[in-house]
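Throughout, protein chains are lettered first and strands after them, A, B, ... in sequence-line order, and every chain is numbered starting at 1.
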Amino acid sequence: MSYNFKAVEKKWQERWEKEGTFNASTDYTKKKWYGLIEFPYPSGQGLHVGHPRSYTALDIVARKKRLQGYNVLYPIGFDAFGLPAENFAIKNHVHPKIITKQNVDHFREQLKSLGFSFDWSREINTTDPNYYKWTQWIFIQLYKKGLAYKTTMPINFCTGCKVGLANEEVVNGVCERCGSEVVQKEKSQWMLKITEYAQRLIDDLDDLEFLDKIKTQQRNWIGRSEGAEVKFKITNSDEELLVYTTRPDTLFGATYMVVSPEHQMIKKLQDKITNLDEVKDYQHKASLKSDFERAEINKEKTGVEIKGIKAINPVNNKEIPIWISDYVLVSYGTGAIMAVPAHDTRDYEFAKKFGLDIIQVLEGGDILKEAFTEDGTHINSEFLDGLNKEDAINKISDWLEERNIGQRKVNYKLRDWVFSRQRYWGEPIPMVYCEECGWVPIPEDELPLTLPEVKDFEPGENGESPLAKQTEWINTTCPHCGKPAKRETDTMPQWAGSSWYYLRYMDPHNDKELASKEALEYWTQVDWYNGGMEHTTLHLLYSRFWHKFLYDIGVVPTKEPYHKRTSHGMILGTNGEKMSKSKGNVINPDEIVDEFGADTFRVYEMFMGPFDQTASWSMESIRGCAKFLDRIWNMQQFVVDGDEYTPETEKMMHRAIKKVSSDIEEMKFNTSVSTFMTMVNEFYKLKKINKAEFRTFLILLNPFAPHITEELYETLGFEGTISSSTWPKYEEAKTIADEITLPIQFNGKLKGTITIAKDEEEATVKEKVHEAIDSKLEGKTVVKEIYVKNRIYNIVVR
RNA sequence: GCUGAUGUGGCGAAAUUGGUAUACGCACAUCACUCAAAAUGAUGCGGAUAACAUCCAUGUGGGUUCGAGUCCCACCAUCAGCACCA
């Protein structure tokens with residue numbers, strides 16, 4: 001009577017598909033639950049064993065919610081624009097559309113083989129013109145509200161992909177996707193003003209149920225700081241040098257200034273600079289370095305004094321030198337700093353190296369040895385002397401504002417989102433450039449602006465988009481004045497499509513709106529969104545930004561897209577290292593499903609360890625899970641009739657319902673699986689299981705192992721299917737034992753146990769304890785006895 | 001360097017949130033079934049000692065407590081992320 005998982009799993013998957021068992025209802029009067037997993041990028045390598053970890057987890061929650069009577073939306077789709085398909089296209093001269101379709105088909109088949117309860121009728125694909133129509137529409141709305149703008153700026157340029165990258169996409173100085181070196185390059189780019197939403201993106205985290213580490217990471221990424229902007233006059237000039245500082249109270253200790261190599265002031269004042277050649281030489285050298293190299297040489301500071309000009313410290317009118325150095329970044333603050341070497345480690349190093357003045361303005365430390373970076377009472381600071389940090393900051397800020405020399409200022413690390421890609425395989429940016437009218441969005445009724453068919457996917461020599469070669473497509477007329485005009489040839493980044501996809505699932509076939517008002521009202525927000533930690537500061541932040549914008553223009557009814565956000569740990573190879581082809585430790589999910597079946601695969605991924613921690617794959621352990629399912633199948637041999645739990649199992653059954661129900665909500669899937677195993681062991685010990693017990697057991701296990709449980713449910717003759725059944729209930733009173741094994745301790749060390757009735761009188765307990773343990777008390781003095789009701793009895797002895 | 005995690009048997013891991021440390025699984029050993037093996041079922045399994053008794057064990061060292069894997073302080077190790085943020 002061995003379990004034929006292949007036939008059983010196929011049978012149920014076909015049935016679910018035919019009957020649309022898991023399709024969400026459009027009856028908007030029911031209570032709803034919306035669970036979301038990050039839709040996959042359909043790579044050529046197929047599904048990774050890491051994908052099902054997240055998908056199984058939320059599948060379990062989704063299946064449980066359905067049994068609890070919710071109208072569940074658990075959708076799936078494909079984030080299919082992206083560089084790997086395009087790089088493959090370039091190499092093999094196949095249209096990325098074709099490769100993408102192949103990959104999607106493969107992924108779909110793999111996902112279906114795992115028995116996820118996705119609503120396949122709502123499948124979406126970001127490369128579908130009916131989908132990206134609305135991605136383009138959102139872009140036009142952003143443009144209309146002034147949140148999309150074009151600017152020339154030094155950007156990270158990938159020498160391999162020939163595309164500009166957002167800072168967020170650069171990992172250790174190399175391109176996140178292709179690994180090529182990233183250099184700085186001037187380029188005209190579309191940008192999105194995410195910085196305008198910085199404060200709201202911080203504030204609105206408070207009301208969300210995100211894991212704390214996710215909130216912390218987003219807050220740190222946005223990087224709010226409070227300080228002041230201060231203007232420094234420049235000698236023999238009307239120019240002023242604006243700096244941002246978080247410590248305006250240390251102004252008296254500012255002994256020199258540093259500007260970043262890209263700072264505009266140098267150009268403006270070049271006539272007055274006496275060592276211009278030397279300065280320009282330094283600028284040139286700095287431009288050759290990537291951010292990575294700048295960071296790497298962090299031990300040895302470099303810089304050149306800009307001679308011929310000086311800055312004037314506004315608090316004491318002292319003239320101080322201005323230096324140029326690449327430890328100051330043009331992209332943060334104002335690109336210039338006032339240096340307070342006594343109290344900043346970097347400034348201190350720089351000052352020591354170039355022999356600049358160091359003036360201590362806070363009491364404490366030993367500034368002959370190192371910078372003193374802690375708080376202290378102000379000294380050498382005239383009207384600030386004797387004040388603490390907070391008071392001094394307030395006083396100096398008032399002082400600066402009164403004299404119009406500076407003002408309080410909040411600053412963010414977050415930068416605007418570089419939204420242009422010089423690539424083919426992305427959404428075309430629906431903008432037209434007209435000599436007369438400038439940039440004009442195309443009329444909304446012309447959307448989608450589809451990608452033209454091309455044969456050559458290579459980027460142009462200067463990193464131009466492949467679309468730049470499509471003269472016919474480019475030349476158009478201005479929607480505003482009708483004169484000849486040219487289309488934008490850049491496309492959108494991969495994050496565009498994924499910034500709003502959860503909305504499209506709500507009403508995926510709507511051709512009038514991105515989703516109907518009713519659907520949006522009903523399904524928003526996503527109740528639970530699980531995904532990788534690596535998307536915390538990119539995708540998750542971007543989609544929160546877009547959602548907030550859509551809220552502002554009245555498209556969506558809530559400020560935030562996701563109510564709860566959790567993340568799963570990575571699955572490593574059997575050797576404990578990240579799976580990669582080069583290491584040869586990749587586990588292919590197809591082979592696992594083929595050898596063990598989907599249910600075993602799912603149960604194993606949930607059992608392998610705590611959900612949010614990394615776990616290594618183990619072939620031995622998965623065999624244990626296969627054995628567990630076989631044991632369940634073989635319980636049929638001793639099944640007996642019965643409409644109620646038997647006295648021997650009642651407690652176990654009620655406890656299991658309680659435990660599994662709460663474990664699923666808390667993502668403690670591993671301990672749920674142990675609960676099931678313990679139950680099976682118990683039934684084997686009893687050598688019987690009645691139908692009532694079996695039924696409850698099957699429903700509880702169903703979200704984890706949907707195929708075998710449905711099959712057994714049918715075989716045992718229960719009416720209908722589990723998916724049309726309801727989640728079992730428990731009675732709290734029946735989870736509590738009426739007999740308790742009470743541990744007895746001496747000084748916290750276990751000396752024995754006794755059995756007492758639940759809530760037994762303390763006097764009786766004491767009596768029983770002493771009866772049991774007095775022989776061991778001989779020769780000892782009892783100092784104190786502590787009884788914690790129903791828990792423990794501790795005797796303090798000497 | 002900074003930030004954040006994590007350290008429990010041979011291994012993956014539990015621990016009612018301060019109350020019997022090692023549940024559950026893997027591996028291993030013994031037994032049953034078998035001509036035999038596999039599969040399956042049953043039993044055992046942290047360490048020390050002859051011991052059912054005793055002592056020692058949750059990275060290390062302190063502390064708080066009747067009682068600490070859990071709380072506090074210091075340190076060590078491993079992993080991940082960030083990188084001159086003014």
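Looking at residues two or more places apart in sequence or on another chain, you find no side chain to side chain donor-acceptor pair (under 3.5 Å) involving A:H263. For A:F611, the ring-ring contact (aromatic ring centres under 6.0 Å, His included) test picks out A:F669, with sequence neighbours left out. Annotation: side chain to side chain donor-acceptor pair (under 3.5 Å) contacts of A:H378 (sequence neighbours excluded): A:D249. Shown here are the side chain to side chain donor-acceptor pair (under 3.5 Å) partners of A:T600, two or more places apart in sequence or in another chain: there are none. Under the salt bridge (charged side-chain N to carboxylate O under 4.0 Å, His left out) criterion, A:E760 pairs with A:K768, sequence neighbours left out. For A:H770, the side chain to side chain donor-acceptor pair (under 3.5 Å) criterion is met by A:D774, A:E785, not counting sequence neighbours.
For A:Y256 and A:F350, the ring centers are positioned less than 6.0 Å apart. Taking the ring centroids of A:W221 and A:Y412, they lie at or beyond the 6.0 Å cut-off.
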Side-chain donor-acceptor pairs of residues 732-741 of chain A under 3.5 Å, sequence neighbours excluded:
| unit_1 | atom_1 | unit_2 | atom_2 | d |
| --- | --- | --- | --- | --- |
| A:E732 | OE1 | A:K658 | NZ | 3.2 |
| A:E732 | OE2 | A:K658 | NZ | 3.0 |
| A:T735 | OG1 | A:E732 | O | 2.6 |

Please list every donor-acceptor pair under 3.5 Å in which a side-chain atom of residues 670-684 of chain A meets a protein atom from a residue at least two apart or in another chain.
| unit_1 | atom_1 | unit_2 | atom_2 | d |
| --- | --- | --- | --- | --- |
| A:T671 | OG1 | A:D663 | OD2 | 2.8 |
| A:T671 | OG1 | A:K668 | O | 3.0 |
| A:S672 | OG | A:D663 | OD2 | 3.3 |
| A:S674 | OG | A:N670 | O | 3.0 |
| A:T675 | OG1 | A:T671 | O | 2.8 |
| A:T678 | OG1 | A:S674 | O | 2.7 |
| A:N681 | OD1 | A:R631 | NH2 | 3.1 |
| A:Y684 | OH | A:R631 | O | 2.9 |

Close N/O contacts between protein and nucleotides 37-43 of chain B (under 3.5 Å):
| unit_1 | atom_1 | unit_2 | atom_2 | d |
| --- | --- | --- | --- | --- |
| B:G41 | OP1 | A:R631 | NH1 | 2.7 |

Protein-nucleic acid N or O pairs under 3.5 Å, nucleotides 64-71 of chain B:
| unit_1 | atom_1 | unit_2 | atom_2 | d |
| --- | --- | --- | --- | --- |
| B:C66 | O2' | A:N794 | ND2 | 3.1 |
| B:C66 | O2 | A:N794 | ND2 | 2.5 |

Tabulate atom names and distances for all N/O pairs under 3.5 angstrom spanning the protein and nucleotides 8-14 of chain B.
| unit_1 | atom_1 | unit_2 | atom_2 | d |
| --- | --- | --- | --- | --- |
| B:G12 | O2' | A:M608 | O | 2.8 |
| B:A14 | OP1 | A:N670 | ND2 | 2.7 |

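The CE atom of A:M679 sits 14 Å away from the P atom of B:G25 (whole-angstrom rounding).
Where RNA chain B pairs in unbroken runs of 3 or more (Watson-Crick or G-U, both distances under 3.5 Å), the stems are B:1-7 with B:76-82, B:10-12 with B:24-26, B:28-32 with B:40-44, B:46-48 with B:54-56, B:59-63 with B:71-75.
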